[in-house]
> 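Below you'll find the structure I mean.
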Amino acid sequence: MPDLRRDHHCGELGTPQIGQTVTLNGWAHRVRDLGGLIFIELRDRSGVVQVAFNPQETPEAHALAAQVRSEYVLGVRGVVRRRPEGTVNPNLKTGEVEVAGEALEILNPAKPLPFPIADEEIHVEESTRLRYRYLDLRRAPMQRLLELRHQVTSAVREFLNGEGFWEIETPLLMKSTPEGARDYLVPSRVNPGEFYALPQSPQLLKQTLMVSGVERYYQLARCLRDEDLRADRQPEHTQVDMEMSFVTRDDIFDVTERLWQHVFRKTLGVELALPFPRLTYAEAMARYGSDKPDLRFGLELVDVSSLVAETEFKVFAATVAAGGQVKGINAKGCGSFSRKEIDDLVEMSKEYGAKGLAYVIVEAGGLRSPIAKFFREEQLAALAAAMNAEPGDLLLFVADQPEVVANALGRLRVHLGRQLGLIPSGEFCFLWVVDFPLFEYKPEEGRYTFMHNPVSAPHPEHLPLLEAGWHTDAAPGSPAHPWTQALSLQYDLVLNGSEVASGSIRNHRAEVQKQIFAILGMDPGLAGFLLEAFEYGAPPHGGIAPGLDRIVAIMGGADSIRDVIAFPKTASATDLMMGAPSPVDPKQLQELHIRVVPPPGAKQD
RNA sequence: GGACCAGUAGCGUAGCGGUUUAACGCGCAUGCCUGUCACGCAUGAGAUCGCGGGUUCGAAUCCCGUCUGGUCCGCCA
């Protein structure tokens, strides 16, 4: 370590330290060489302070200071003094004082940087930031996010420890499962031809821990999935994985709500109101067309099926007759949209699966629309009334099967909310979505699959529907089928339109779990050991797994979860800093008993 | 797997209705400058216009392909 070892941090200096000799270590944030005087802004994690070097007072230090460039690493000793009259910098936390540099040591020079560290508002290609992630993380906005994430995890641990949870680690080398997401595989050298899988989540193991009598478990667990990426999806993400025994759904809601209340209070000073509102899945889909509705704005979906069933507009009438529905949203004040703007919305709704988007412009004199001619006067009036239409509004309608309508209008709703600036910033709108269907019918596979995961328990009163499903006359997938009707004790936590946690009360009775596997046509596979464990006294249990990356990103106002992950991957799952993934030495492959068969057209080395 | 957007000195951009020494700001280098704080002033270096092919007398500019990054759909909790 250098001679000049720090005894203070840059950002903590102020008028109370005036007169003290301090030693600082840090980076040259900005350098201003006036020919005589040299000012160096010195930065460490705590902040920035100005150091002044005077050629008359300390010629040696001054001569060295003249060599300092941006981001040189320095040791500085000097006396804290009040800045001369008129030179106080109100933009700097330490701006009332400066350090009169007496001794300077260059601990390490730095090459000119690929992008500036000192400017907070920089526009640099994200690939450049990722290539030089160590420099990107040096920037103040990124440091703030790193610190926020640290504070959040620390508050999470503090709270859960206080509630009697035990933090327990589970293995990274697990067993592959065919269902759900694609696994990352790790070849076994010792067992030729066999593979481990990296965990998609510790789901089965945390349930196993309940059988072990742990009662309250948590882990900041890394979860890995080999699927395509998005702005809010990385190949590895972190969950606050929790599981509890002898609890009801409300117990889990209560702990989770108080957890985030504690975290928001400790880290942001924001007071969350409890309890969080709840919506059933059915209501969320009906009113917002989404199972993760953003409640920070309105634009709710309105069902007008009954109003249009008898009209001459065949698209609407036929859809309703065929068991579909017609729903609309009222884009308030968008009646002035240009033809192109409306066409864009139509195009977008098609992207989201709708066959089309009907629109009606509300004018003072009446309704203007290409489809108006198919409606009688009173039908139009009823439609306008149902949509709460006022002159200047734009009404948008989709007719289709309920899932399609919900998806298209739900996404259109979010798009319009953003486009119209209806979404207030700085608000944190949590809500529970409850009563998810237990199963989901996949027409293309002709079978039922699980909605969330296969371990979610059915609603107790829907338990008989499991058995009834084997004997029904109802067509698979139809609304009348018992398995379509069965609701589960699964729940999601939604924050500002993002799903930030998911959980359920689990099946703890082996026969119920086996029944569900049978309905899903699933081999228990990996879960076999859990089923066995259930036969040795499994407590009722349930849990939840909040996604840390998404929550921290929302808390910190980051655009992407990449900004709250220290070393994230690109959209093609590569790491631009370390250059992963990469080919490996043939010897390594040999040891693993693996031969690579490149796809046709792949790049050769 | 598909759609769209972007790629021009270290960074951010302009040029893209074809022909110029490829322009501007920041950064960098050198010199000057003793109260600056995005210091200032002057001079200068720095670009095979992502890559490959094609059209043309002539391509950063038009066409095709490809790579990389991003957003979205599919996929995924």
> Taking B:rA23 as the reference, what is the distance to B:rG46 when you measure between their C1' atoms (whole Å, please)?
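Each nucleotide's C1' atom is 15 Å from the other's.
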> Assign each of A:Gly86 and A:Lys442 to its nearest nucleotide of RNA chain B by heavy atoms, then name whichever residue's nucleotide is nearer the 5' end.
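Comparing both residues, the 5'-ward one is A:Gly86.
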> Is the phosphate of B:rU68 approached by A:Thr570 (side-chain N or O, under 4.0 Å from OP1 or OP2)?
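No.
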> Could you tell me how far apart A:Glu347 (CD) and B:rC73 (P) are, to the nearest whole angstrom?
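One finds 16 Å between P of B:rC73 and CD of A:Glu347, rounded.
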> For A:Phe297, is the NZ or CZ atom of A:Arg418 found under 6.0 angstrom from the centre of its six-membered ring and inside 45 degrees of the ring axis?
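No, a cation-pi geometry is absent between A:Arg418 and A:Phe297.
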> Mind checking if A:Gly353 touches a base, just sugar-phosphate, or nothing, with heavy atoms under 4.0 Å?
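If one applies the 4.0 Å heavy-atom cut-off, A:Gly353 turns out to touch nothing in the nucleic acid.
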> Per the atom types in the model, does the base of B:rG70 pair as donor or acceptor with the side chain of A:Arg230 at under 3.5 Å?
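By the distance-only test, no, there is no pair.
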> Identify which nucleotide among B:rA77, B:rG12, B:rU36 has an atom closest to any side-chain atom of A:Asp291, counting heavy atoms from C-beta outward.
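Of all the options, the side chain of A:Asp291 is nearest to B:rA77.
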> Students often get this wrong, so: under 4.0 angstrom with heavy atoms, is A:Arg81 touching a base, only sugar-phosphate, or nothing?
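A:Arg81: base contact, heavy atoms under 4.0 Å.
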> So A:Ser572, base contact, sugar-phosphate only, or nothing? Heavy-atom distance under 4.0 Å.
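Sugar-phosphate, no base atom in range.
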> Nearest whole Å is fine: how far is B:rA77 P from A:Asp492 CG?
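From A:Asp492 CG to B:rA77 P: 13 Å.
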> Just by distance, do the side chain of A:Glu96 and the backbone of A:Val88 share a donor-acceptor pair under 3.5 Å?
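Judged by distance alone, no pair lies under 3.5 Å.
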> Under the salt bridge (Lys or Arg N to Asp or Glu O under 4.0 Å) rule, what pairs show up with a residue in residues 430-439 of chain A, not counting sequence neighbours?
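Residue pairs passing salt bridge (Lys or Arg N to Asp or Glu O under 4.0 Å), neighbours aside: A:Arg249-A:Asp435.
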> Looking only at the side chain of A:Glu98 (C-beta and beyond, no hydrogens), which of the listed nucleotides B:rC75, B:rG35, B:rA77 gets closest?
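Nearest to the side-chain atoms of A:Glu98, counting from C-beta on, is B:rG35.
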> When you compare B:rG58 with B:rG69, how far apart are their C1' atoms, in angstrom units rounded to a whole number?
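Taking atom C1' in both B:rG58 and B:rG69, they lie 32 Å apart.
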> Tell me: CD1 of A:Ile38 to C1' of B:rC39, nearest whole Å?
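Taking atom C1' of B:rC39 as the reference, CD1 of A:Ile38 is at 13 Å.
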> Work out how far the C1' atom of B:rC49 is from that of B:rG15, and round it to whole angstrom.
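Taking atom C1' in both B:rC49 and B:rG15, they lie 11 Å apart.
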> What is the pairing partner of B:rC4, taking Watson-Crick or G-U wobble pairs with both distances under 3.5 Å in any strand?
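Paired with B:rG70.
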> Determine whether more than 12 heavy atoms belonging to other residues, nucleotides or ligands lie under 6.0 Å from atom OH of A:Tyr196.
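Counting neighbours around OH of A:Tyr196, 12 or fewer heavy atoms of other residues, nucleotides or ligands fall under 6.0 Å, so no.
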> Which atoms of nucleotides 22-30 of chain B (N or O only) lie under 3.5 Å from a protein N or O atom, and what are those distances?
residue, atom, partner, partner atom, Å
B:rA29, OP1, A:Arg69, NE, 3.1

> Among the nucleotides B:rC75, B:rC37, B:rA77, which one has an atom lying closest to any side-chain atom of A:Gln50?
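In terms of side-chain proximity for A:Gln50, the closest of B:rC75, B:rC37, B:rA77 is B:rC37.
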> Please classify the nucleic acid contact of A:Pro114 as base, sugar-phosphate, or nothing, using heavy-atom distances under 4.0 Å.
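The residue A:Pro114 makes sugar-phosphate contact but no base contact.
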> With a 3.5 angstrom cut-off on both distances, give the Watson-Crick or G-U wobble partner of B:rG44, or none if there isn't one.
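Base partner found: B:rC28.
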> If I take atom CE in residue A:Met348 and atom P in nucleotide B:rC4, what distance separates them, rounded to the nearest angstrom?
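Result: 15 Å.
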> Does atom CD of A:Gln143 have more than 12 heavy-atom neighbours from other groups under 6.0 Å away?
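Enclosed.
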> Which one, B:rC75, B:rC33, B:rA77, comes nearest to the side chain of A:Asp33?
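The closest nucleotide is B:rC33.
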> Does NZ belonging to A:Lys175 count more than 12 external heavy atoms closer than 6.0 Å?
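No, the 6.0 Å shell around NZ holds no more than 12 heavy atoms from other groups.
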> Taking A:Val405's backbone N and O only, do any of them form a donor-acceptor pair with A:Asp400's side chain (distance below 3.5 Å, no angle check)?
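Side chain of A:Asp400 to backbone of A:Val405, a donor-acceptor pair under 3.5 Å: no, none is there.
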> Less than 3.5 Å between a donor and an acceptor, one on the side chain of A:Arg30 and one on the base of B:rU36, is that the case here?
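A donor-acceptor contact between them is absent.
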> Roughly, in whole Å, what's the span from CD1 in A:Ile40 to C1' in B:rU36?
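Going from CD1 in A:Ile40 over to C1' in B:rU36 covers 13 Å.
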> Is A:Phe115 stacked on the base of B:rC11, meaning ring centres closer than 5.5 Å and planes within 30 degrees of each other?
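So no, this residue does not stack on that base, at least one cut-off failing.
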> Could you give the distance separating B:rA38 and B:rC64 at their C1' atoms, to the nearest angstrom?
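After rounding to an integer number of Å, I get 46 Å for this pair.
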> Between A:Ser504 and A:Ser456, do the side chains contain a donor N or O and an acceptor N or O under 3.5 Å apart?
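Side-chain D/A pair, A:Ser456 to A:Ser504: present.
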> For nucleotides B:rA6 and B:rA14, find the distance between their P atoms and express it as a whole number of Å.
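It works out to 10 Å between them.
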> Using the P atom on both, measure B:rA9 against B:rA47 and round to a whole Å.
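Their P atoms lie roughly 10 Å apart.
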> Has A:Thr574 got a side-chain N or O lying under 4.0 Å from the OP1 or OP2 atom of B:rG69?
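So the side-chain polar atoms of A:Thr574 do come within 4.0 Å of the phosphate oxygens OP1 or OP2 of B:rG69, strictly under.
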> Provide, to the nearest angstrom, the distance between the CZ atom belonging to A:Phe39 and the C1' atom belonging to B:rA38.
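So the CZ-C1' distance, A:Phe39 to B:rA38, works out to 15 Å.
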> Ignoring hydrogens and angles, state whether a donor on the side chain of A:Gln419 or A:His415 is under 3.5 Å from an acceptor on the partner side chain.
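Yes, a side-chain donor-acceptor pair sits under 3.5 Å.
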> When both hydrogen-bonding distances must be under 3.5 Å and the geometry is Watson-Crick or G-U wobble, what is B:rU56 paired with, if anything?
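Pairing partner: none.
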> Looking only at atom P, what distance separates B:rU68 and B:rC63, rounded to whole Å?
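Comparing P positions in B:rU68 and B:rC63 gives a spacing of 22 Å.
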> Side chain of A:Asp228: nearest nucleotide among B:rG70, B:rA77, B:rG1?
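For A:Asp228, the side-chain atoms sit closest to B:rG1.
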> By nearest atom, which of the nucleotides B:rC73, B:rG35, B:rU71 is closest to the A:Arg411 side chain?
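Ranking B:rC73, B:rG35, B:rU71 by closest atom to the A:Arg411 side chain puts B:rC73 first.
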> Can A:Glu351 and A:Arg411 be counted as an ion pair, charged N to O under 4.0 angstrom?
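A:Arg411 and A:Glu351: not salt-bridged.
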> Expressed in angstrom and rounded to an integer, what is the separation of A:Asp226 atom CG from B:rA77 atom P?
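Rounded to the whole Å, the gap is 12 Å.
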> I need the A:Tyr491 OH to A:His452 NE2 distance, nearest 0.5 Å.
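Rounded to the nearest 0.5 Å, the OH-NE2 separation comes out at 8.0 Å.
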> Using the P atom in both, what is the distance from B:rG25 to B:rU66, to the nearest Å?
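Roughly 39 Å separates the two P atoms.
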> Can you see if the side chain of A:Arg562 gets near the phosphate of B:rU71 - specifically, an N or O under 4.0 Å from OP1 or OP2?
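Yes, such a contact exists.
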> For RNA chain B, which residues in residues 233-240 of chain A have a heavy atom at a distance below 4.0 Å?
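A:Arg233, A:Gln239 - these, ordered by number, are the residues of the stretch whose heavy atoms sit under 4.0 Å from the strand.
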> Given B:rC76, B:rG35, B:rG12, which nucleotide is nearest the side-chain atoms of A:Leu37?
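Comparing B:rC76, B:rG35, B:rG12 against the side chain of A:Leu37, the answer is B:rG35.
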> Starting at atom CG of A:Leu34, determine the distance to atom P of B:rC37, rounded to an integer number of angstrom.
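Distance check: A:Leu34 CG to B:rC37 P gives 8 Å.
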> Think A:Arg32 has a side-chain N or O under 4.0 angstrom from the OP1 or OP2 of B:rU36?
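For B:rU36, neither OP1 nor OP2 has a side-chain N or O of A:Arg32 closer than 4.0 Å.
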> Let's test your reading of the model: under 3.5 Å, does the base of B:rC37 pair with the side chain of A:Arg83 as donor and acceptor?
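It does, because a donor-acceptor pair links the side chain of A:Arg83 to the base of B:rC37 below 3.5 Å.
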> Think A:Gln200 has a side-chain N or O under 4.0 angstrom from the OP1 or OP2 of B:rA77?
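It does, given that an N or O in the side chain of A:Gln200 lies less than 4.0 Å from OP1 or OP2 of B:rA77.
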> Crowded around A:Arg82 CZ? As in, over 12 foreign heavy atoms under 6.0 Å?
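Open.
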